[in-house]
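Single-structure report; data block below.
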Protein chains: 2
Amino acid sequence: MLDERKTAILSAVVQEYIATAQPVGSSHIAETPSINVSSATVRNEMAHLEHEGYLVQPHTSAGRVPTDKGYRYFVDHLTTPGRLDAATTRQVGEFFSAAHGRLEEMLHQTSNLLATLTNNAGVVVGPRAEAVPVRRVQIVGLSATAATVVVVFTNGTVENVPLELVEGDDELKLSAAGAHLSAGLDGRVLGAVSDVEPTGDAAVDRLCTTALEALRATASPDQVFTGGAAAVAKAFDAVEVVRSVLATLEQQFVVVTLVSDIVNRGMSVAIGVEHGVEPLSACSVVVAPVVIDGEHLGSVGVLGPTRMNYPQALATVEVVSEQLGNRIEEG
Amino acid sequence: MLDERKTAILSAVVQEYIATAQPVGSSHIAETPSINVSSATVRNEMAHLEHEGYLVQPHTSAGRVPTDKGYRYFVDHLTTPGRLDAATTRQVGEFFSAAHGRLEEMLHQTSNLLATLTNNAGVVVGPRAEAVPVRRVQIVGLSATAATVVVVFTNGTVENVPLELVEGDDELKLSAAGAHLSAGLDGRVLGAVSDVEPTGDAAVDRLCTTALEALRATASPDQVFTGGAAAVAKAFDAVEVVRSVLATLEQQFVVVTLVSDIVNRGMSVAIGVEHGVEPLSACSVVVAPVVIDGEHLGSVGVLGPTRMNYPQALATVEVVSEQLGNRIEEG
DNA sequence: TCTGGCACTCCAGCCTATCGACTGCCAGCG
DNA sequence: CGCTGGCAGTCGATAGGCTGGAGTGCCAGA
């Protein structure tokens with residue numbers, strides 16, 4: 001734990017560095033209104049802070065830069081939850097009331113919304129459709145050998161998978177199978193249903209079984225949407241860092257793991273190396289779970305340089321996750 | 001028009017520069033097997049080529065670099081259509097036979113496919129769903145006030161839009177409206193249908209009308225998918241160029257206009273300033289229309305530095321557009 | 001018409017010197 | 001005892017000067 005003055009100095013360093021991206025020196029800090037000591041005293045304190053790992057000097061005779069530990073102390077102790085300013089809140093509200101159509105499309109746009117609001121990369125890990133109960137199933141024939149299985153979920157989203165037909169599968173059988181599946185699945189979650197009871201009609205039973213199989217096979221591997229590549233390019237000066245961050249962001253699996261990990265550990269911010277993804281060690285991730293009907297079904301987050309604006313990112317992510325949750329509940 | 005030797009030299013310069021990204025000097029060219037003259041002669045020819053605008057020197061005493069005009073001559077006269085190598089062709093085939101589910105998702109993945117195959121940004125301007133005939137319409141009630149309209153198209157893709165219900169819209173009315181719409185729309189294109197004939201039941205008619213309206217409202221403004229931000233970051237050394245290219249790629253409107261423009265002018269390659277989008281003046285764009293049932297309903301393309309591998313890009317874009325077209329036709 | 005050779009140009013890399021922004025430390029003051 | 005002003009020291013960033021090398025243009029001769 002740090003005494004009051006060290007705390008004030010650390011806070012000032014972090015804020016100055018976030019604002020300028022330049023190492024900050026003792027005299028700058030001494031000029032801060034809230035600090036009423038001379039630069040010499042600040043120097044002493046900063047030396048302590050460095051010794052304890054909150055700050056580092058890029059080199060002797062340079063100012064100091066916060067370490068991951070320094071940022072961590074800042075977000076844990078010096079950051080008020082901070083309301084999002086009214087204009088932004090309204091913008092988010094408008095976005096979600098204007099949003100319509102496909103869930104995926106909305107999620108994708110949400111990642112872009114996060115990106116533009118925070119000037120960082122936005123990440124949305126999709127609520128998996130399987131966790132939402134089924135409302136209706138229908139099988140639509142397209143030709144003699146092809147059909148599409150359409151599933152409508154209770155939240156209004158729709159999934160579809162192709163299905164191959166065999167001889168004897170006529171329209172009647174298809175709609176019978178659809179009706180039977182609807183009855184068997186209505187109100188239940190796809191993952192919870194292993195099979196429906198037989199109807200006695202072999203063809204219908206076969207259709208039901210294969211359709212169900214196809215549906216479970218399509219069980220979307222957690223879908224993830226990212227946006228804001230340009231923001232990443234703006235955030236870092238070194239082009240290699242831009243490259244490695246962008247390359248990592250394109251590996252969906254890594255992003256999903258990263259975000260889920262943080263959420264599952266009950267954290268909302270992972271700073272620098274804390275998240276353990278080496279190519280992103282210059283980045284922090286701020287996340288919030290998306291809760292739908294009391295269940296945690298997805299996450300939203302932003303990813304930016306460790307010197308990002310944490311209060312703003314936290315507030316934004318919070319508001320967006322909440323409104324996204326509401327929006328999905330409504331359907 | 002250039003004589004044979006100038007042509008050979010220009011070609012060698014372009015290829016060397018594409019491979020190395022370094023200004024190429026006369027002696028390098030003279031060593032090329034297909035060039036059987038001394039470096040002095042090559043120098044003379046290169047001076048001519050520069051005078052005529054095919055090459056430039058970044059500065060005296062540096063090698064030469066192709067201009068946009070130089071690349072243009074190269075792709076117009078020196079590039080054989082070039083088959084894609086078998087392995088890649090197979091990869092594309094596998095991709096499309098494995099592709100399933102939502103059209104949008106597939107298009108999005110197609111942009112990523114283009115990106116990974118060519119190491120450039122991939123762009124897909126979506127074939128608008130409205131051009132595909134409808135197979136079936138269904139309205140599924142979710143609650144007393146909300147429903148989802150599901151449209152299955154003949155190619156197996158599915159669209160859905162939310163619909164608000166009013167008092168008196170019960171399940172019976174919903175399915176009646178669905179059936180009526182199915183009958184009225186079956187085999188026809190959404191855009192071609194302005195209204196269905198009345199049934200006599202006011203509630204059903206209202207449902208049909210509003211559902212149809214909602215469907216036409218969702219008429220996606222040309223959708224565009226881009227992928228491969230990391231490739232862009234790898235293609236340019238200067239971080240400002242990366243920034244401006246990525247920022248431009250995020251402006252969907254600009255991308256759609258850019259691609260449509262090129263396709264509409266009947267071109268398949270736009271080099272540097274040819275496409276007129278200033279922030280992308282360091283980029284070339286290679287496109288191919290996606291043709292479905294004889295109609296041009298979308299485009300695929302790649303965007304990369306002017307020193308991209310044109311033959312490969314052309315071949316890739318060609319194969320992908322063709323297979324994407326087939327895939328969508330089949331559904 | 002082509003070629004070898006030569007003089008010339010100019011960037012990239014390296015070294016050096018200078019400047020300035022820091023720090024650490026110390027002695028003195030309240 | 002803690003704070004402060006001051007001073008010496010450190011090191012990166014910047015600018016200037018030098019050199020080596022890659023490349024050119026041009027010319028005279030085959």
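Quick note on labels: first sequence line is chain A, next is B, and so on, each numbered from 1.
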Round to a whole Å and report the spacing from [atom1] of [X] to [atom2] of [N].
| X | N | atom1 | atom2 | value |
| --- | --- | --- | --- | --- |
| B:L49 | D:dG23 | CG | P | 17 Å |
| B:K6 | C:dC2 | NZ | P | 10 Å |
| A:E4 | D:dG2 | CD | P | 17 Å |
| B:E31 | C:dT3 | CD | P | 14 Å |
| B:M46 | C:dT3 | CE | C1' | 17 Å |
| B:I29 | D:dA22 | CD1 | P | 16 Å |
| B:E45 | C:dT3 | CD | P | 11 Å |
| B:H51 | D:dT24 | NE2 | P | 18 Å |

Task: Sole candidate of B:T41, B:L10, B:I35, B:V37 that passes side chain to side chain contact (heavy atoms under 4.5 Å, CB included) when paired with B:I29 - done: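 Testing B:I29 for a side chain to side chain contact (heavy atoms under 4.5 Å, CB included) against B:T41, B:L10, B:I35, B:V37 leaves exactly one candidate, B:I35.
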
Task: Salt-bridge contact B:E52-B:K69 (side-chain N to carboxylate O under 4.0 Å) - done: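 No, no charged N to carboxylate O under 4.0 Å.
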
Task: Electrostatic pair B:R72:B:D68 at N-O distance under 4.0 angstrom - done: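 Salt bridge absent between B:R72 and B:D68.
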
Task: Partner set under side-chain contact (heavy atoms from CB on, under 4.5 Å) for A:R307, not counting sequence neighbours - done: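 For A:R307 the side-chain contact (heavy atoms from CB on, under 4.5 Å) partners, ignoring immediate neighbours, are A:Y17, A:I18, A:A21, A:Y71, A:P305.
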
Open item on the list: Taking atom NE2 as the centre, does B:H59 end up with more than 12 heavy-atom neighbours from other residues, nucleotides or ligands that are less than 6.0 angstrom away?
Closed with: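 Yes.
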
TODO: Give a yes or no on whether the backbone of B:A288 and the side-chain of B:S321 come within a donor-acceptor separation of less than 3.5 Å.
DONE: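 Not confirmed, B:S321 side chain does not pair with B:A288 backbone.
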
TODO: For the residue pair A:T20 and A:E16, confirm or rule out a side-chain donor-acceptor distance under 3.5 Å.
DONE: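 Short answer, no.
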
TODO: Decide yes or no on side chain to side chain contact (heavy atoms under 4.5 Å, CB included) for A:V285 and A:V302, but give the supporting numbers first.
DONE: CA-CA 6 Å; A:V285 187; A:V302 308; over 6 Å; no

Nucleotide N/O to protein N/O under 3.5 Å, stretch nucleotides 4-15 of chain D:
{"unit_1": "D:dT4", "atom_1": "OP2", "unit_2": "A:S38", "atom_2": "N", "d": "2.9"}
{"unit_1": "D:dT4", "atom_1": "OP2", "unit_2": "A:S38", "atom_2": "OG", "d": "3.3"}
{"unit_1": "D:dT4", "atom_1": "OP2", "unit_2": "A:T41", "atom_2": "OG1", "d": "2.5"}
{"unit_1": "D:dG6", "atom_1": "O6", "unit_2": "A:R43", "atom_2": "NH2", "d": "2.9"}
{"unit_1": "D:dT10", "atom_1": "O2", "unit_2": "A:S61", "atom_2": "OG", "d": "3.3"}
{"unit_1": "D:dC11", "atom_1": "O2", "unit_2": "A:S61", "atom_2": "OG", "d": "3.1"}

Task: Watson-Crick and G-U pairing of DNA chain D written in dot-bracket, each distance under 3.5 angstrom, with | for inter-strand partners - done: ||||||||||||||||||||||||||||||

Task: From CA spacing to verdict: side chain to side chain donor-acceptor pair (under 3.5 Å), A:Q15, A:S11 - done: CA-CA 6 Å; A:Q15 292 185 41; A:S11 169; 3.0 Å; yes

Open item on the list: Under 4.0 Å from OP1 or OP2 of C:dG24: is there any side-chain N or O of A:Q57 that close?
Closed with: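 Affirmative; the distance criterion is met.
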
